[in-house]
Amino acid sequence: MLRTVHSPDEAIATLSDQGVQRGIPVGIVAHGASVGFAVGDHTITVEEADAYRCVDAVERSLRPRWVMWSGTTAGALVRNNIRVATAWDVAAVHRLLAGGWRNDPARVWAYLHGLDRRHTPVAGQLDLMGGDAGDDGDQPIRPDGYLRAEWVDGIWQRSPADAAAWASVALMAASLQSKQLQALTTSGAVAGDAEATARAESTAELLCAELAHDGLPIDRLAAVELISSLVGPRPQNDADAAEGRRRRDAAVFAHLSSAAGVDLRNPADVKAMLRRVGIDVPDTRAWRLEGMRSVHPVVDALLAWRKEERIATTFGHTWLAEHVGTDGRLRGAWSASDGAAGRMTAQAGLHNLPAELRDVVVAEHGHVFVRADLGQIEPRVLAAVSGDEALRRATQDDDLYAPVATRLGVERSVAKIAVLAAMYGQTSGTAGQALRGMESGYPVAMKFLDAAAQQGQAGINIRTYGGRLVRVGEVTDGDFRGAAAAARGRYARNAMVQGAAAELFKVWAVTVRARLGDLDARIVLCLHDELLLHVREDHAHEVVALLDRCLGEAAHRWHPTSGVRFVTDTSIVRSWADAK
DNA sequence: TGCGGCTATTG
DNA sequence: CACAATAGCCGCAG
């Protein structure tokens, strides 16, 4: 049944009649000025002028769980100044269920309908192949049961007046949500609460849309000054830029009798150059050259050149112009779950900003940053997901490595190496010795890690505590013992820890987001184990307390019975650089 | 033009 | 360098 509503009040009444209330799923698609809703088999379109006002009204009075195909809709909502509390992101939940990174609508549809993914329609095919079966190209589902590749993502090309098409997209999202809910309860052995993970990962998509929209506060003038002091003023043209490169290169070449034919940007040239001054190295990475500064002055000059070159090429004037707006906000695209284990990732340097540039990340007038990071999150998460009682006891200490050192009878530094080596799968060097103590001291945790590594080596996919499928890749040529298998083993071993840590972190982040309420405070950066909030000065202490409370709440939601203690280090600062 | 290698930065 | 990521420049294959 398709129905068009004309006002916020009518939208609330209509959805309310359909039983919508707090937490009840409502499909939504939003793009540009258009919005469509769906509840059960009822689809509701909203007159364009009222579209976002209706969403806002429904959110305020009913607060449903908005079911969306992807972060595209979340972005449209945020751009229209609407921040909804909760979501179900079909694409994000698909990545959780099926692993990997692909989450286009046709593929998600095929997965949930048991269709062979190898025949999934691909965008750009224009359905020329599907059109020969006598079907109607204006229907979302092809006669063979597959979803047309561009039906969902191409919805924005349709007129807002094509109500049936908009409504169908919202309705399909809602119907897939119930299929995903079903799949989550039957998707193999998941130790944790996969449905709770799906909710948190979905809400993290909302947070990502907000992070991309809000940006990170930067003191633009200070940034220009700092960059200029390091690499000079911004080049005005290509010749200017080339002159800058020559000037930087000359500082290195000054230490050589002949620099003919040396391109400092070519590692092979650099290696040859070093050999000519009596330095023979297998590669020219900084850590390898670090101890050779005294051998020849060119080493020192080269390492300084690398620093300068990095600023000039990656974090220089071009970066500033491209990613920092005139409003002094650094913006980049955010992904809520990426890579092997489902960590958040960010572009535009938000996740790998050199420490020396953190000086220019400065709170705006009347505001401060509240920065909080989780201490030793990975070993604490390992204690929780493995259920190792001895390691759980160690988490009661502020410094987990102290009781581990006592138990192993070694120095703290050795204990730390041992724990990290266990989680990363390192076996060489000093780690080998330290690991033997781990086997007897923390056998449950070690067996947990070894089991993951063995699955990885055998090419068997694994699931994290929260239920994310981690694909470890095919085993080729029956290679169960070679270097490739060993690498898969380390990958799987670490993914179980890093992936679970990412899940806990996101529960924490979305809990903080939910509990901020009317405080003038927003999360402006997520960095794996660290949250940075931009907060009005007089709310700072309240936010500090809230971060700690939310960690307790998040840890309990994530793993209600672990008994593991998680700790956070929180500070109030003007500049990001002032923290720690 | 796309891709792997090398390098740097971050957690 | 033991795990994960983003990003730029180079050489090389197509």
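Side chains included, hydrogens not; waters and symmetry mates left out as well; all remaining heavy atoms used. None of the values given here were measured: they were computed from a predicted structure.
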Is the backbone of A/Tyr401 close enough, under 3.5 Å, to the side chain of A/Arg412 for a donor and an acceptor to pair up by distance? no

Can you list the residues that meet the side chain to side chain contact (heavy atoms under 4.5 Å, CB included) rule with A/Ala209, with sequence neighbours excluded? A/Ala74, A/Val78

Students should find this one: the first and last nucleotides of DNA chain C, 5' to 3', lying under 4.0 Å from a heavy atom of chain A. What are they? C/dC1 to C/dG11

Whichever of A/Ala346 and A/Ala421 has the more 5' nearest nucleotide on DNA chain C, that residue is A/Ala421

May I ask you to say what A/Ala340 touches in the nucleic acid, namely base, sugar-phosphate or nothing, with a heavy-atom cut-off under 4.0 Å? sugar-phosphate

Which part of the nucleic acid, if any, lies within contact of A/Ala268, taking any heavy atom under 4.0 Å across all strands shown: a base, the sugar-phosphate backbone alone, or nothing? nothing

Got A/Trp576 and A/Asp359 here, is their nearest side-chain heavy-atom distance under 4.5 Å? no

Using atom P of each nucleotide, how far apart are C/dC1 and B/dG5 to the nearest Å? 13 Å

Output every pair passing ring-ring contact (aromatic ring centres under 6.0 Å, His included) with a member in residues 433-473 of chain A, not counting sequence neighbours, ordered by first then second residue. A/Tyr465-A/Trp558, A/Tyr465-A/His559

Using a heavy-atom cut-off of 4.0 Å across all strands, would you classify A/Gly425 as base, sugar-phosphate, or nothing? nothing

Donor-acceptor pair, A/Gln396 side chain versus A/Arg392 backbone, under 3.5 Å? yes

Under 4.0 Å protein heavy-atom contacts per nucleotide of nucleotides 2-11 of chain B, with B for base, S for backbone only and - for none: ----SBBBSB

Heavy atoms, side chains only, cut-off 4.5 Å: are A/Ile572 and A/Val544 in contact? yes

Classify the nucleic acid contact of A/Ala348 as base, sugar-phosphate or nothing, counting any heavy atom under 4.0 Å across all strands shown. sugar-phosphate

Residues forming a side chain to side chain donor-acceptor pair (under 3.5 Å) with A/Ser562, sequence neighbours excluded: none

List the residues meeting side chain to side chain donor-acceptor pair (under 3.5 Å) with A/Gln236, not counting sequence neighbours, and say none if there are none. none

